[in-house]
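No experiment lies behind these values; they were computed from the predicted model shown.
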Amino acid sequence: MSDVERWLYLEKDGDIATVVFNRPDKRNALNHAMWVRLGELMRECEADRSIKVVIFRGVDATAFAAGADISEFLTLRATKEGAMQYNRATVAAEHAVHHLSKPTIAMVQGYCIGGGCEIAVACDFRFADPTAKFGITPAKLGHVYNLPATKTLVDLVGPAKAKDILFTGRHLDAEEALRIGLIDRIVPAEDLERETWSYARMIARNAQFSVRGSKYVIGRILDGVTEETEDIRQLVLDSYETEDYQEGVRAFLEKRRPNFTWS
């Protein structure tokens with residue numbers, strides 16, 4: 001097993017997959033190889049029909065991911081060419097997380113800074129315990145945050161709060177992050193894993209064509225679509241021809257829980 005395969009790996013528990021950041025000695029700081037690896041894992045999750053929900057987490061409670069591996073600022077990111085290579089990897093990985101067809105949940109404990117926060121923001125949901133600390137810090141390092149990640153942040157918290165986060169580079173505690181909409185809920189540390197998995201299982205039990213269709217439509221709305229397009233119209237019509245639609249209707253009429261099978 002290579003270093004990067006130890007630092008970032010995928011676990012599966014039934015229909016729920018977990019992406020684990022595992023560099024605890026560096027608070028799970030992300031290097032170029034890990035960004036490339038993240039894109040690979042997202043392609044694996046997309047291709048695996050048995051996976052219905054993906055959870056992201058740090059290997060322990062000290063950090064989700066505490067930003068970039070600063071040592072690469074003096075090596076790979078010391079030149080414009082190297083920075084372009086690094087940025088291509090981060091943009092591709094963030095895009096892969098953000099556009100994964102399956103729902104994603106960031107389970108945040110401890111530091112969630114820089115690239116770690118970028119990954120969390122790219123997820124559909126962010127659950128945190130009270131120890132979580134958030135920040136995006138290009139202003140403290142002298143570089144500019146990329147457009148896709150900036151747009152995702154603006155979509156989530158609005159332009160004024162995004163400017164506050166990016167202009168100051170300050171850390172936000174869990175309470176402030178919840179207040180501005182950066183995260184979705186705060187859960188006591190001892191309950192965070194249980195509640196995150198419980199929520200993931202609730203999603204996994206539902207009709208996946210509907211879940212992923214809703215995610216797709218919401219993404220199109222965030223991209224500026226305001227009227228129904230042909231692809232969305234076809235998606236809606238296709239849903240009526242799935243076995244899960246028939247099962248959902250039967251279960252409703254029979255007053256029982258549906259047994260959805262599409263994945």
Side-chain angles (χ1 to χ4, degrees), residues 15-17 19 38-39 41-56 90-106 118-127 145-163 178 180-185 199-263:
D15 48 18
I16 297 171
V19 174
L38 181 58
L41 292 181
M42 291 301 95
R43 289 190 288 275
E44 183 178 334
C45 289
E46 190 68 63
D48 189 335
R49 290 180 62 86
S50 70
I51 295 173
K52 295 180 179 178
V53 182
V54 181
I55 295 169
F56 295 75
T90 63
V91 169
E94 188 272 344
H95 182 274
V97 174
H98 187 67
H99 292 278
L100 188 71
S101 69
K102 303 166 185 184
T104 52
I105 307 171
E118 180 176 349
I119 293 167
V121 167
C123 291
D124 296 308
F125 305 102
R126 285 146 297 281
F127 296 173
Y145 206 40
N146 66 71
L147 187 144
T150 302
K151 180 185 183 301
T152 304
L153 179 65
V154 171
D155 287 341
L156 191 61
V157 302
K161 295 301 182 185
K163 290 174 184 177
L178 180 65
I180 69 171
L182 186 63
I183 63 175
D184 299 288
R185 64 180 69 179
Y199 192 83
R201 291 187 184 103
M202 179 168 60
I203 294 172
R205 284 196 299 267
N206 287 336
Q208 295 304 296
F209 194 95
S210 177
V211 169
R212 294 175 205 174
S214 295
K215 178 170 179 173
Y216 178 80
V217 173
I218 291 168
R220 297 282 277 146
I221 291 169
L222 291 173
D223 288 337
V225 173
T226 58
E227 296 184 4
E228 193 162 85
T229 57
E230 182 56 36
D231 60 327
I232 294 174
R233 186 178 300 110
Q234 190 61 51
L235 183 67
V236 173
L237 293 176
D238 287 347
S239 70
Y240 290 97
E241 295 185 343
T242 64
E243 291 182 11
D244 280 352
Y245 171 71
Q246 302 298 328
E247 167 63 10
V249 172
R250 284 194 300 269
F252 179 81
L253 294 174
E254 295 168 8
K255 297 181 172 56
R256 59 173 175 82
R257 176 180 287 181
N259 180 28
F260 296 122
T261 58
W262 190 88
S263 60

**Student:** Output all residues satisfying side-chain contact (heavy atoms from CB on, under 4.5 Å) with Arg43, sequence neighbours left out; order by chain, then residue number.
**Tutor:** Glu40
**Student:** With sequence neighbours left out, what residues match Asn206 under side-chain contact (heavy atoms from CB on, under 4.5 Å)?
**Tutor:** Val211
**Student:** Can you name the residues that form a ring-ring contact (aromatic ring centres under 6.0 Å, His included) with Phe56, not counting sequence neighbours?
**Tutor:** none
**Student:** Any chance you could measure Asp155, atom CG, to Asp223, atom CG, to the nearest 0.5 Å?
**Tutor:** 8.0 Å
**Student:** Phe209: what forms a ring-ring contact (aromatic ring centres under 6.0 Å, His included) with it, not counting sequence neighbours?
**Tutor:** Trp262
**Student:** Which atom names give the shortest non-hydrogen contact between Phe260 and Arg205, and what distance separates them?
**Tutor:** CD1-O, 3.3 Å
**Student:** Rounded to the nearest 0.5 Å, how far does CG of Leu100 lie from NE2 of His95?
**Tutor:** 11.0 Å
**Student:** Out of curiosity, Gln234 CD to Ser239 OG, how far, rounded to the nearest 0.5 Å?
**Tutor:** 10.0 Å
**Student:** Using salt bridge (Lys or Arg N to Asp or Glu O under 4.0 Å) as the criterion, list what pairs up with Glu254, not counting sequence neighbours.
**Tutor:** Arg256
**Student:** I'd like to check the ring-ring contact (aromatic ring centres under 6.0 Å, His included) partners of Phe252; sequence neighbours left out, ordered by chain and number.
**Tutor:** none
**Student:** Measure across Glu46 and Ser101 and return the closest heavy-atom pair with its distance rounded to 0.1 Å.
**Tutor:** OE2-OG, 2.5 Å
**Student:** Can you tell me how far OH of Tyr199 sits from CD1 of Ile55, rounded to the nearest 0.5 angstrom?
**Tutor:** 12.0 Å
**Student:** How close do Pro258 and Gly248 get, counting heavy atoms only, and between which atoms?
**Tutor:** CB-CA, 4.3 Å
**Student:** Please name the pair of heavy atoms, one in Val157 and one in Gly181, separated by the smallest distance, quoted to 0.1 Å.
**Tutor:** CG1-C, 4.1 Å
**Student:** Kindly write out the residues that satisfy side chain to side chain donor-acceptor pair (under 3.5 Å) with Thr229, not counting sequence neighbours, or none if the list is empty.
**Tutor:** Asp231
**Student:** If every non-hydrogen atom of Thr104 is compared with every non-hydrogen atom of Cys123, which pair is closest and at what distance?
**Tutor:** OG1-CA, 3.2 Å
**Student:** For a side chain to side chain contact (heavy atoms under 4.5 Å, CB included) check, start with the C-alpha distance between Glu44 and Ile51, then their side-chain angles and the critical distance, and finish with the verdict.
**Tutor:** CA-CA 10 Å; Glu44 183 178 334; Ile51 295 173; 5.9 Å; no
**Student:** Who passes side-chain contact (heavy atoms from CB on, under 4.5 Å) against Glu228, sequence neighbours left out?
**Tutor:** Ile232, Arg233, Val236
**Student:** Going by heavy atoms in the side chains, are Lys102 and Arg212 under 4.5 Å from each other?
**Tutor:** yes
**Student:** What residues, two or more places apart in sequence or in another chain, satisfy side-chain contact (heavy atoms from CB on, under 4.5 Å) together with Ala122?
**Tutor:** Glu94, Val97, His98
**Student:** Closer than 3.5 angstrom, by distance alone: can the side chain of Arg126 be matched with the main-chain N or O of Ala120 as a donor-acceptor pair?
**Tutor:** yes
**Student:** Going by salt bridge (Lys or Arg N to Asp or Glu O under 4.0 Å), name the residues that satisfy it together with Asp238, two or more places apart in sequence or in a different chain.
**Tutor:** none
**Student:** Please give me the minimum heavy-atom distance between Glu118 and Asn146, naming the atom from each residue.
**Tutor:** OE2-ND2, 3.6 Å
**Student:** Could you work out, with salt bridge (Lys or Arg N to Asp or Glu O under 4.0 Å) as the rule, every residue matching Lys215, not counting sequence neighbours?
**Tutor:** Asp124
**Student:** For Val53, does its backbone N or O pair with a side-chain atom of Asp15 as donor and acceptor, under 3.5 Å?
**Tutor:** no
**Student:** Got a donor-acceptor contact below 3.5 angstrom from the Gln208 side chain to the Ile203 backbone?
**Tutor:** yes
**Student:** Mind checking salt bridge (Lys or Arg N to Asp or Glu O under 4.0 Å) for Lys163 and listing every partner two or more places apart, or none if nothing turns up?
**Tutor:** none
**Student:** CG of Leu156 to CG of Leu182: how many Å apart, nearest 0.5 Å?
**Tutor:** 6.0 Å
**Student:** Do the side chains of Asn259 and Arg250 get nearer than 4.5 Å, heavy atoms only?
**Tutor:** no
